[in-house]
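Structure record follows, encoded as structure tokens.
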There are 2 protein chains.
Amino acid sequence: MTTAPRTEPLYAQVRTALIERMASGSLRPGQVLPSEFALAEELNVSQGTVRKALDTLVADNLVQRRQGRGTFVAEHTQERALFHFFRMEGIGGMPAIPQTLTEEITQRAAPARIATRLGIDKSADVVLIRRTRTLLGKPATFEDIYVPHALLPIRATDGPLPNALYTHYQSAHGLSVARAEDRLSAVQAPAKVVKALPQAEGQAMLLATRVAFDLTDRIIETRESYILTTDTAYAVTLR
Amino acid sequence: MTTAPRTEPLYAQVRTALIERMASGSLRPGQVLPSEFALAEELNVSQGTVRKALDTLVADNLVQRRQGRGTFVAEHTQERALFHFFRMEGIGGMPAIPQTLTEEITQRAAPARIATRLGIDKSADVVLIRRTRTLLGKPATFEDIYVPHALLPIRATDGPLPNALYTHYQSAHGLSVARAEDRLSAVQAPAKVVKALPQAEGQAMLLATRVAFDLTDRIIETRESYILTTDTAYAVTLR
DNA sequence: AAGTGGTCTAGACCACGGA
DNA sequence: CCGTGGTCTAGACCACTTA
């Protein structure tokens with residue numbers, strides 16, 4: 001009854017082929033792709049078709065083009081990880097760069113709600129990164145970051161982790177965050193947060209619950225970020 | 001010293017020409033555009049160039065293509081206004097449809113911070129729409145929506161306004177919201193909110209401060225939405 | 001059957017970056 | 001200078017909608 005599965009357009013096949021190379025590590029972040037003509041010849045399609053495939057990858061922030069130089073696999077540079085995936089802005093709209101204050105790395109069985117959110121077995125191990133950070137110089141965030149130990153076997157001795165965690169996932173474990181889904185709500189600062197961040201006592205906090213996906217749509221992280229928004233705000237543009 | 005202003009690519013000129021037609025009202029929401037070939041002939045470019053221009057308009061949600069039928073100026077359908085520009089989701093991720101409880105329309109001189117945000121003169125008149133709404137059946141939001149009276153001369157007798165305000169701007173005043181910028185923070189429910197929404201007393205609330213732009217990047221609205229996020233959350237996807 | 005957008009090709013020329 | 005991506009064209013054929 002369902003319509004027969006149409007053959008995918010060529011440009012979509014080219015896109016998939018390139019994503020597979022990135023996911024498998026044969027094309028690494030920062031590396032230059034073969035030229036459009038080279039890819040076209042190799043994959044037996046026209047240059048225009050390769051171009052269209054690359055257009056979709058550019059739109060998804062998976063590759064970057066540089067005229068005269070080539071097309072490069074997107075890197076989680078400090079800049080991108082901090083401003084693209086962490087959208088806190090000061091009053092004037094200028095980006096607020098976070099600075100880590102405390103960091104604690106532990107390994108444990110996944111709590112039920114975390115296992116569900118990560119889509120892993122309840123008894124599976126996760127690494128918990130608990131940290132506090134400043135925004136605009138003031139202590140302002142408390143984060144519980146959970147990653148499946150099977151995918152990202154981070155150890156306590158790996159710390160201190162870099163300011164932009166996603167660059168670490170990529171450089172140390174070959175996993176790129178391609179997409180993240182945030183759910184934002186407001187809560188009263190809970191006790192565990194106040195313990196680490198005394199200035200949050202009695203304050204309303206922004207709670208950002210995130211699930212992050214890699215190139216192949218595997219869930220590689222979930223985090224619960226509690227943010228004091230006295231001087232900053234989470235910025236979003238809708239089109 | 002600055003580099004000479006390059007001539008804009010043809011497809012960008014086509015894009016601009018089409019946006020102008022939409023902004024001037026010669027192409028109205030829901031209306032079908034001339035076919036790609038017709039536009040190509042009319043504007044003296046190739047069909048491929050028109051196509052590229054349309055691609056950018058599709059990417060910005062300004063037009064929609066329907067294979068076999070044509071390309072249409074995007075409408076603020078109920079669906080789009082409610083789910084695209086209002087991203088509250090229930091626990092399971094299902095969209096939460098708001099229902100208006102109370103609505104009050106007044107006209108006044110713009111408060112200083114509102115005038116600044118709207119980019120209008122301090123003595124200029126604004127229309128204030130103050131309303132409370134439910135989410136998932138429970139009273140949950142309080143909004144102060146300010147629009148410049150010069151652009152959107154809404155009167156108290158125009159009420160009750162439709163559930164999706166942006167459809168009203170479009171159908172009654174010919175203004176389309178093309179883009180909105182939200183800044184999210186957490187606050188304790190202020191007195192003015194509690195007065196209208198007693199269940200917010202003592203609660204942390206999500207405050208969404210929005211500035212909305214039309215096709216020509218004019219600011220046509222700013223709003224301050226206070227949202228109780230006990231059952232819902234503001235959802236965002238980052239790429 | 002006619003008309004629309006969707007895909008794909010082949011080839012031209014331009015603009016930029018690096019050797 | 002050469003190779004890269006960026007723009008633009010002309011034309012073919014496919015897929016979908018409507019009449």
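Quick note on labels: first sequence line is chain A, next is B, and so on, each numbered from 1. Bear in mind that the values here come from a model prediction, so they are computed numbers and not experimental data.
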Each nucleotide in nucleotides 3-10 of chain D should get exactly one letter: B, S or -. Can you fill that in based on protein heavy atoms under 4.0 Å? BBBBBSB-
Please name the residue in the list Arg113(A), Arg131(A), Arg210(A) that meets the salt bridge (Lys or Arg N to Asp or Glu O under 4.0 Å) test with Glu224(A). Arg113(A)
Applying side chain to side chain contact (heavy atoms under 4.5 Å, CB included) between Leu18(A) and each of Leu57(A), Thr71(A), Val63(A), report the one that passes. Leu57(A)
If I take atom CZ in residue Phe72(A) and atom P in nucleotide dG17(C), what distance separates them, rounded to the nearest angstrom? 12 Å
Any Lys/Arg nitrogen of Arg65(B) or Glu36(B) sitting under 4.0 Å from an Asp/Glu carboxylate oxygen of the other? yes
Under 6.0 Å from the CD atom of Gln31(A), do we count more than 12 heavy atoms belonging to anything else shown? yes
According to side chain to side chain contact (heavy atoms under 4.5 Å, CB included), who are the partners of Arg87(B), at least two apart in sequence or on a separate chain? Leu238(A), His84(B)
Among Phe86(A), Phe85(A), Phe83(A), which residue meets the ring-ring contact (aromatic ring centres under 6.0 Å, His included) test with Tyr166(A)? Phe85(A)
I'd like to know if the side chain of Asp214(A) pairs up with that of Tyr169(A) as donor and acceptor (distance under 3.5 Å, no hydrogens or angles considered). no
Compute the bend angle of the helix from dA1(C)-dT18(D) to dG18(C)-dC1(D) from the end axes (five pairs per end), rounded to 10°. 10°
dist Leu62(B):CG -> Ser176(B):OG (nearest 0.5 Å) comes out at 8.5 Å
